[in-house]
Protein chains: 2
Amino acid sequence: MDDALSLVFGALADPTRRAILARLAEGEAPVTELGRPFDMSAQAISKHLKVLERAGLISRSRQGQWRPCRLEVAPLDHASGWIEQYRAVWEDSLGRLEQEIVRIQGRQDHAHD
Amino acid sequence: MDDALSLVFGALADPTRRAILARLAEGEAPVTELGRPFDMSAQAISKHLKVLERAGLISRSRQGQWRPCRLEVAPLDHASGWIEQYRAVWEDSLGRLEQEIVRIQGRQDHAHD
DNA sequence: CCGATATACAACCGACTGGTTGATAAACCG
DNA sequence: CGGTTTATCAACCAGTCGGTTGTATATCGG
């Protein structure tokens, strides 16, 4: 899938990439440093960074022979916003307890839609 | 990857599955109804539901010949919590402007690690 | 210019994904 | 009982994913 939200969630669906983002939350870093914690080739890291870049989660500049990566927050906003939107519907507009009651009643007479 | 967070983000990385969750935010629904909006076989929907179930995002009960699906919020909390954690580090503890300054200084003397 | 370092590109591999079709099980209805 | 509806299981297929190795390219530092 190539829609924006799917790219973002797909990029987040990997522990290595999440760790990279966690590191980038502390500030810019070049590729080699990002890869240092992982038992993995530099090319593998490069691929992960490409996935993150395609999702818009990072941007890369050039600084001599280094290509420092920087975290971009906007896609995280989108992802978080999507989740919160439906969590809100679930938790607020109905309420957890009330929802539970509705569920049990629905189980009994199954007439709520 | 089979860690919990990767399963959740992976499950969210598909528009069909996100639409199913959106529908389930309005209440329980059986498989056939969940699949109705999509131009897709019932088996494909069944597979999507299995992905969602494996991620803990839905649970399924039995009600005669129907298997109603129900949204589970806990994994969404985890996912949202992960995102917010790092967004917070980025936006609050440093601030966007201050971060920008750090970034530019780092570009000049490159001595911050 | 030369060698080392940093990074990217391409091809390959096994595993998984998202869909298909065909067959199957279970529960309702007449 | 037999037929319909609901849903799953199993096999298959093309495409993508996460990693590898090998090969380039570019920049720094003598």
Side-chain angles (χ1 to χ4, degrees), chain A residues 1-3 5-21 23-24 28-55 57-70 107 109-111 113, chain B residues 1-3 5-21 23-24 28-55 57-70 106-111 113:
Chain A
M1 292 301 163
D2 52 348
D3 71 277
L5 218 38
S6 298
L7 287 177
V8 174
F9 282 128
L12 294 178
D14 182 285
T16 303
R17 288 195 291 264
R18 288 198 304 278
I20 289 175
L21 291 179
R23 165 63 188 80
L24 287 177
E28 282 192 27
V31 176
T32 305
E33 184 191 329
L34 290 175
R36 198 166 353 254
F38 307 102
D39 186 18
M40 200 179 295
S41 70
Q43 291 84 343
I45 299 295
S46 197
K47 276 194 174 185
H48 281 304
L49 292 177
K50 192 146 60 178
V51 172
L52 291 170
E53 192 175 27
R54 198 162 109 85
L57 284 162
I58 65 170
S59 59
R60 287 190 264 193
S61 51
R62 172 167 283 281
Q63 201 168 140
Q65 58 196 316
W66 291 279
R67 307 291 312 273
C69 298
R70 193 158 70 97
R107 179 175 292 168
D109 58 39
H110 195 260
D113 55 1
Chain B
M1 293 298 164
D2 51 349
D3 71 279
L5 218 37
S6 298
L7 287 176
V8 173
F9 281 128
L12 294 178
D14 182 285
T16 302
R17 288 195 292 265
R18 288 198 304 276
I20 289 176
L21 292 179
R23 166 62 188 81
L24 287 177
E28 281 192 24
V31 177
T32 305
E33 184 191 329
L34 289 176
R36 195 160 2 248
F38 307 102
D39 185 19
M40 200 179 296
S41 70
Q43 291 85 341
I45 299 294
S46 197
K47 277 193 175 186
H48 281 304
L49 293 177
K50 190 145 60 178
V51 173
L52 291 170
E53 192 175 26
R54 197 161 111 84
L57 283 162
I58 66 171
S59 60
R60 287 191 263 193
S61 51
R62 171 167 283 281
Q63 203 168 137
Q65 59 197 319
W66 291 278
R67 307 293 310 276
C69 297
R70 193 158 70 94
R107 179 176 290 169
Q108 286 168 351
D109 57 41
H110 197 260
D113 58 359

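Both backbone and side-chain heavy atoms feed into the values below; hydrogens, waters and symmetry mates do not. Protein chains get the first letters and strands the later ones, always in sequence-line order, with residue 1 at the start of each. Keep in mind that what you see is a predicted model, and the values were worked out from it rather than measured.
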Taking all non-hydrogen atoms of both residues into account, name the closest pair between [X] and [Y] and its distance.
| X | Y | value |
| --- | --- | --- |
| A:Arg23 | A:Glu33 | NH2-OE2, 2.5 Å |
| B:Ile58 | B:Leu49 | CD1-O, 3.5 Å |
| B:Ile20 | B:Phe38 | CG1-CE1, 4.0 Å |
| B:Ala55 | B:Val8 | O-CG2, 3.6 Å |

By nearest atom, which of the nucleotides [options] is closest to the [X] side chain?
| X | options | answer |
| --- | --- | --- |
| B:Pro30 | C:dA8, D:dA7, C:dT20 | D:dA7 |
| A:Arg67 | D:dT8, C:dA8, C:dT20 | C:dA8 |
| B:Ala44 | D:dG18, D:dT21, C:dT20 | C:dT20 |
| A:Gln65 | D:dG18, D:dT8, D:dC28 | D:dC28 |
| A:Arg62 | D:dT8, D:dG18, D:dA26 | D:dA26 |

How many whole angstroms separate atom [atom1] of [X] from atom [atom2] of [N]?
| X | N | atom1 | atom2 | value |
| --- | --- | --- | --- | --- |
| B:Arg60 | C:dA26 | CZ | C1' | 15 Å |
| B:Leu7 | C:dC16 | CG | C1' | 13 Å |
| B:His48 | D:dT8 | NE2 | C1' | 16 Å |
| B:Gln63 | C:dA26 | CD | C1' | 15 Å |
| A:Trp66 | C:dA8 | CH2 | C1' | 17 Å |
| B:Glu33 | D:dA7 | CD | C1' | 15 Å |
| A:Asp2 | D:dG15 | CG | C1' | 13 Å |
| A:Phe38 | D:dT20 | CZ | C1' | 18 Å |

Notebook entry, point to check: In Å, rounded to the nearest 0.5 Å, how long is the span from CG of B:Leu12 to CG of B:Leu7?
Noted result: 11.0 Å
Next item on the list: Please work out if A:Thr32 contacts a base, only the sugar-phosphate, or nothing of the nucleic acid, heavy-atom cut-off 4.0 Å.
Entry: sugar-phosphate
Margin query: Taking A:Ser61's backbone N and O only, do any of them form a donor-acceptor pair with A:Arg67's side chain (distance below 3.5 Å, no angle check)?
Written below: yes
Notebook entry, point to check: Quick one: does A:Arg17's side chain have a donor or acceptor within less than 3.5 Å of a partner on A:Ala19's backbone?
Noted result: no
Note to self: So B:Arg18 and A:Phe9, do their side chains get closer than 4.5 Å, heavy atoms only?
What the structure shows: yes
Notebook entry, point to check: Looking at A:Ser46, does any N or O in its side chain come under 4.0 Å of the phosphate oxygens OP1/OP2 on C:dT7?
Noted result: no
Item checked: Phosphate-side-chain proximity, B:Lys50 and D:dC9, N/O vs OP1/OP2 below 4.0 Å -> yes
Item checked: Positions of residues 8-18 of chain B (non-hydrogen atom under 4.0 Å from DNA chain C), listed by number -> B:Asp14, B:Arg17
Next item on the list: Assess whether one donor atom and one acceptor atom, taken from the side chain of B:Gln43 and the base of C:dG18, lie less than 3.5 Å apart.
Entry: no
Notebook entry, point to check: Given that A:Pro68 and B:Ser41 both sit by DNA chain C, which one's nearest nucleotide is further toward the 5' end?
Noted result: A:Pro68
